[in-house]
Amino acid sequence: MQFNNEERQAQDKRLADNLSRIKYKLVVISGKGGVGKTTVSVNLAYELSTRGYKVGILDADIHGPNVVKMLGMDGVQLYGDGQLIQPAEINKNLRAVSVAMLSDDPDKPIIWRGPLKTGIIKQFLSDVSWGDLDFLVIDSPPGTGDEPLSVCQLIKGLDGAIIVTTPQEVAILDSRKSVQFAKELNVPVVGIIENMSGFKCPFCGHEIDIFGKGGGEKAAKDLNVNFLGRLPLEPDIVKFSDEGKPYIHYSRDTETAKKMVDIVDKIEKWLEEKK
Ligand SMILES: Nc1ncnc2c1ncn2[C@@H]1O[C@H](COP(=O)(O)OP(=O)(O)OP(=O)(O)O)[C@@H](O)[C@H]1O
Ligand SMILES: [Mg+2]
């Protein structure tokens, strides 16, 4: 979409107005793909919404938008009133927006270059009727490309970046880049989450460190950022994610869900202390 100057100024104003009504804006990033960013984003947003906060989740992963699936919103389409896009309602406190809600064919890939991606992310921030929110959680694709860059540049006063990694060296190496990326863009780092860290055999209880252990914690220490916690490999996370049920809520009494809750507590505390 081509905007003239006047339209661009009007959109910038809508962007600023929208952002001024959102108390905390958080982006979830990682260096490597498939480490659990969407899982973290969805569970974090859902948990905050059940604590009574008004929460938005923005899926900034244009090519692999999984937020919709993990929230059980398959087939949901966004609609607009001619001016603003209405976000999808997940529960009374949680709203979501994703490119997956713009297409009625889930198999159709989005084949877009940088400017189009930046354009849609800007529209999701400026032209969605988010209303008053306590939290906006933004899920990113892996790496430090167009999408996280657009998010960090468009949101003045982004409150923090949550970095997800798995414990093995190749993931840690990439997560160090994520920390550097956030620092260069002046986005405070909330901390690192070490996901898929250890697996407890359901039959004998023996723990196996499939991807190793402690790498995320060590990276946090080396880079002088918070360590938010460790989540084990848990087959039920896959099952619940595929069923569109946030694990933290639907598997509340498990040890792993309690670890997720601890991480959410730490993020909340970090934000409160920052303000
Ligand atoms: N702790 C965990 N234990 C088991 N499975 C997990 C765990 N965390 C995430 N998963 C599963 O791993 C897969 C990848 O997770 P997810 O999609 O959240 O990663 P991602 O970082 O968002 O990936 P991408 O880089 O493609 O966006 C999903 O099937 C998810 O259910
Ligand atoms: Mg993802």
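Whatever order the structure lists them in is the order used to number ligands and atoms, beginning at 1. The structure displayed is predicted, hence computed values, not measured ones.
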for atom 12 (O) of ligand 1, nearest protein heavy atom and its distance come out as M196 CE, 3.5 Å

Proximal atoms of ligand 1 relative to L233 (non-hydrogen, under 4.0 Å) = 3 (N), 4 (C)

Taking both backbone and side-chain atoms of D242, is any N or O found less than 3.5 Å from an N or O belonging to ligand 1?
-> no

Can you tell me if NZ on K13 sees more than 12 non-hydrogen neighbours from other groups inside 6.0 Å?
-> no

Among V35, V28, T39, N43, which one has a heavy atom closest to atom 16 (P) of ligand 1?
-> T39

Min over N195, D236, D139, D59 of heavy-atom distance to atom 1 (N) of ligand 1 lands on N195

With distance as the sole criterion, is a donor-acceptor pair present between the side chains of T39 and Y247 under 3.5 Å?
-> no

Polar side chain donor-acceptor pair, D236 to S251, under 3.5 angstrom | no

Give the atoms of ligand 1, by number and element, whose distance to some non-hydrogen atom of G33 is under 4.0 Å.
-> 25 (O)

Would you say ligand 1 has an N or O under 3.5 Å from any N or O of N66?
-> no

Short check: is a protein heavy atom less than 4.0 Å from atom 9 (C) of ligand 1?
-> yes

Taking atom 3 (N) of ligand 1 as the reference point, the nearest protein heavy atom with its distance | E234 N, 2.9 Å

Ion pair check, E169 and K218, cut-off under 4.0 Å | no

Lys/Arg-Asp/Glu bridge criterion (N-O < 4.0 Å) met for D222, R176 = yes

Partner of L154 under side-chain contact (heavy atoms from CB on, under 4.5 Å), chosen from L19, D12, L149, I121 = I121

Would you check the N or O atoms of K37, main chain and side chain alike, for any that come under 3.5 Å of an N or O of ligand 1?
-> yes

among protein heavy atoms, the one nearest atom 27 (O) of ligand 1 is D61 OD2, 3.5 Å

Residues K69 and D242 bridged, charged N to O under 4.0 Å = no

May I ask you to identify, for T38, whether its side chain, its backbone, both or neither come under 4.0 Å of ligand 1 on a heavy-atom basis?
-> both

Protein contact of atom 19 (O) of ligand 1 - nearest heavy atom, named by residue and atom, plus distance = G36 N, 3.0 Å

Could you list the atoms of ligand 1 found under 4.0 angstrom from a heavy atom of S241?
-> 31 (O)

Out of curiosity, R230 CZ to E217 CD, how far, rounded to the nearest 0.5 Å?
-> 5.0 Å

N/O/S atom of T38 inside 2.8 Å of the Mg ion (ligand 2), strictly under = yes

Which atoms of ligand 1 have any heavy atom of P142 under 4.0 Å away?
-> 25 (O)

Without swapping roles, check the side chain of W130 against the backbone of F124 for a donor-acceptor pair under 3.5 Å.
-> yes

Give the residue and atom name of whichever protein heavy atom lies nearest to atom 11 (C) of ligand 1, and the separation in Å to one decimal.
-> V238 CG2, 4.0 Å

For ligand 1, note which part of P232 has a heavy atom under 4.0 Å away: side chain, backbone, both or neither.
-> backbone

At what distance is the nearest protein heavy atom to atom 17 (O) of ligand 1, and which residue and atom is it?
-> M70 CE, 3.4 Å

Does the N or O separation between L231 and ligand 1 drop below 3.5 Å for any pair?
-> no

Using the ring of each side chain (for Trp, its six-membered ring), is Y46 parallel, tilted or perpendicular to H249, with breaks at 30° and 60°?
-> tilted

Ligand 1 versus V40, non-hydrogen atoms closer than 4.0 Å: side chain, backbone, both, neither?
-> neither

Close side-chain approach of R95 and K54, heavy atoms under 4.5 Å | yes

D262 with K259: basic N within carboxylate O range, under 4.0 Å | no

Between the side chains of D139 and T38, does any donor sit under 3.5 Å from an acceptor?
-> yes

So which heavy atom in the protein is nearest atom 26 (O) of ligand 1, and how far is it from that ligand atom?
-> G34 N, 3.9 Å

